[in-house]
Peer 1: 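A single structure is presented below for examination.
Below, read A as the first sequence line, B as the second, and so on, with proteins coming before strands; counting in each chain starts at 1.
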2 protein chains.
Amino acid sequence: MTFPDPPAAHIRTYNFRMRKHVLLYGLLGGVLIAGLKFIEYRWLVVEYSVEIYGGLVAAVFASAGIWLGVRLTRRTRQTETVVVREVVVAAPTKFVCDQQKLVSLGITPREREILGLIAEGLSNKEIAARVFVSENTVKTHSSRVFDKLGARRRTQAVQLAKEFRLIP
Amino acid sequence: MTFPDPPAAHIRTYNFRMRKHVLLYGLLGGVLIAGLKFIEYRWLVVEYSVEIYGGLVAAVFASAGIWLGVRLTRRTRQTETVVVREVVVAAPTKFVCDQQKLVSLGITPREREILGLIAEGLSNKEIAARVFVSENTVKTHSSRVFDKLGARRRTQAVQLAKEFRLIP
DNA sequence: CGCAAAATCATCCTTTCGGGTGACGCGCGC
DNA sequence: GCGCGCGTCACCCGAAAGGATGATTTTGCG
């Protein structure tokens with residue numbers, strides 16, 4: 001029986017400890033009961049002895065209970081304290097398009113797509129074939145996106161798009 | 001009486017709650033004692049009644065103690081220390097031109113310079129003005145570098161040059 | 001539904017690019 | 001000196017790119 005992931009292992013440790021505590025607790029109770037029984041015969045029977053015994057038992061078990069309660073939660077506390085939040089500052093991994101910039105420039109998804117294909121070095125004709133539209137449509141899209149970017153050439157558009165983090 | 005900062009407010013709440021718990025605890029004990037006293041006179045006195053009462057008291061106070069112990073430490077759990085570990089993956093490294101690739105492709109310094117200016121989005125005319133040569137010269141350089149890179153368009157040349165690490 | 005934005009396609013025109021070719025000068029090494 | 005690489009410049013021509021404008025269809029949304 002294995003526990004591959006850390007959480008399961010933690011739970012197991014917890015249960016084991018709890019069981020140990022319960023056993024200890026029961027043993028303590030038994031000893032106390034025996035002690036009471038012993039005292040009942042040896043000691044003088046005074047008035048309110050039941051109340052005294054009861055209070056004694058209550059006090060002992062209460063402190064034991066508090067101790068146990070603290071003890072039980074301490075383990076939980078320990079696992080919760082080790083909260084390591086890894087904050088990745090600069091991830092060179094995946095490119096995320098700057099959506100804000102796209103919106104602020106008013107660039108539509110289609111235009112951004114054409115922009116990306118332009119950046120890949122494709123001609124208008126190749127782009128048209130790639131996205132299944134006429135070359136005129138590609139020219140319209142590119143013209144619009146150049147206008148929105150403030151570019152006069154496709155190379156300039158690519159440069160600006162990379163600066164604005166619109167394309168990888 | 002106000003508590004401006006959260007930490008002080010927490011501590012006070014803690015003490016207040018603790019006191020409240022102790023009071024509640026005492027009250028519960030008193031009620032139980034009274035209950036036991038009441039039962040002592042009304043119920044038939046059986047053998048081991050003391051043990052039964054003791055066990056009862058023990059059980060009640062033990063559970064109450066556990067509850068109290070958990071309750072007391074739960075507050076402490078709130079002040080868990082969150083370890084924020086910032087992991088810097090990769091700093092924006094300085095660009096170094098791949099000289100080997102440059103040589104293997106047979107690209108001359110002047111051609112590489114023109115290539116860089118093309119990548120910046122400049123037109124042939126602008127490049128010519130920048131490097132003080134005629135536009136025809138720029139065209140010759142660009143034509144040559146396109147041929148060496150295997151590019152048919154300047155955008156494609158830029159793409160390939162970036163792949164080959166010839167330009168930033 | 002009706003409107004507006006987006007996407008589509010077209011036409012005309014100008015500019016830019018890219019390919020091809022040829023030529024000239026300069027420095028360097030054989 | 002001669003060849004060679006490099007940089008320079010010129011001309012021509014076709015292709016590609018870019019600008020301007022208009023129109024139609026599709027689509028998302030109140």
Peer 1: Between protein and nucleic acid, restricted to nucleotides 6-10 of chain D and to nitrogen or oxygen atoms under 3.5 Å apart, what atom pairs and distances do you find?
Peer 2:
unit_1	atom_1	unit_2	atom_2	d
D:dG7	OP1	B:R110	N	3.2
D:dG7	OP2	B:T108	OG1	2.4
D:dT8	OP1	B:R110	NE	3.2
D:dT8	OP1	B:R110	NH2	2.5
D:dT8	OP2	B:R110	NE	2.6
D:dT8	OP2	B:H141	NE2	2.9
D:dT8	O4	B:R144	NH2	3.0
D:dC9	OP2	B:S134	N	2.7
D:dC9	OP2	B:T137	OG1	2.8
D:dC9	O5'	B:T137	OG1	3.3
D:dC9	N4	B:T140	OG1	3.2

Peer 1: Walking along DNA chain C from 5' to 3', note the first and the last nucleotide with an atom under 4.0 Å from a heavy atom of chain A, and give both.
Peer 2: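 Range of nucleotides within reach of chain A: C:dA6 to C:dC17.
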Peer 1: So, taking the atom named CZ in B:R144 and the one named NZ in B:K139, what distance separates them when rounded to the nearest 0.5 Å?
Peer 2: 13.5 Å
Peer 1: Between A:S104 and A:K101 (side chain of the first, backbone of the second, donor and acceptor by atom type, cut-off under 3.5 Å), is there such a pair?
Peer 2: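 Pair found, side chain donor or acceptor close to backbone of A:K101.
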Peer 1: Salt bridge check, B:R130 against B:E113: does any charged N sit closer than 4.0 Å to a carboxylate O?
Peer 2: no
Peer 1: Under 4.0 Å between a side-chain N/O of A:R154 and OP1 or OP2 of D:dG18, yes or no?
Peer 2: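 For D:dG18, OP1/OP2 do have a side-chain N/O of A:R154 under 4.0 Å.
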Peer 1: Are B:F146 and B:R154 side-chain neighbours, meaning at least one heavy-atom pair lies under 4.5 Å?
Peer 2: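 Yes, close enough: below the 4.5 Å cut-off.
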Peer 1: Phosphate oxygens OP1/OP2 of D:dA16: is one of them under 4.0 Å from a side-chain N or O of A:N124?
Peer 2: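 No, outside the criterion.
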Peer 1: Is it true that the side chains of A:S134 and A:T137 contain a donor and an acceptor less than 3.5 Å apart?
Peer 2: yes
Peer 1: Figure out the NZ/C1' separation between A:K125 and D:dG14, and round it to whole Å.
Peer 2: 12 Å
Peer 1: Taking the side chain as C-beta and beyond, is there a heavy-atom pair between B:V133 and B:I127 under 4.5 Å?
Peer 2: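 No, too far: nothing below the 4.5 Å cut-off.
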Peer 1: Check the distance between D:dA16's C1' and B:R152's CZ and give it to me in whole angstrom.
Peer 2: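 To the nearest whole Å, that distance equals 11 Å.
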Peer 1: Any carboxylate oxygen within less than 4.0 angstrom of a Lys/Arg side-chain nitrogen, looking at B:E126 and A:R153?
Peer 2: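 Salt bridge present between B:E126 and A:R153.
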Peer 1: How about B:Q100: does its CD atom have over 12 heavy atoms from other parts shown lying under 6.0 Å from it?
Peer 2: no
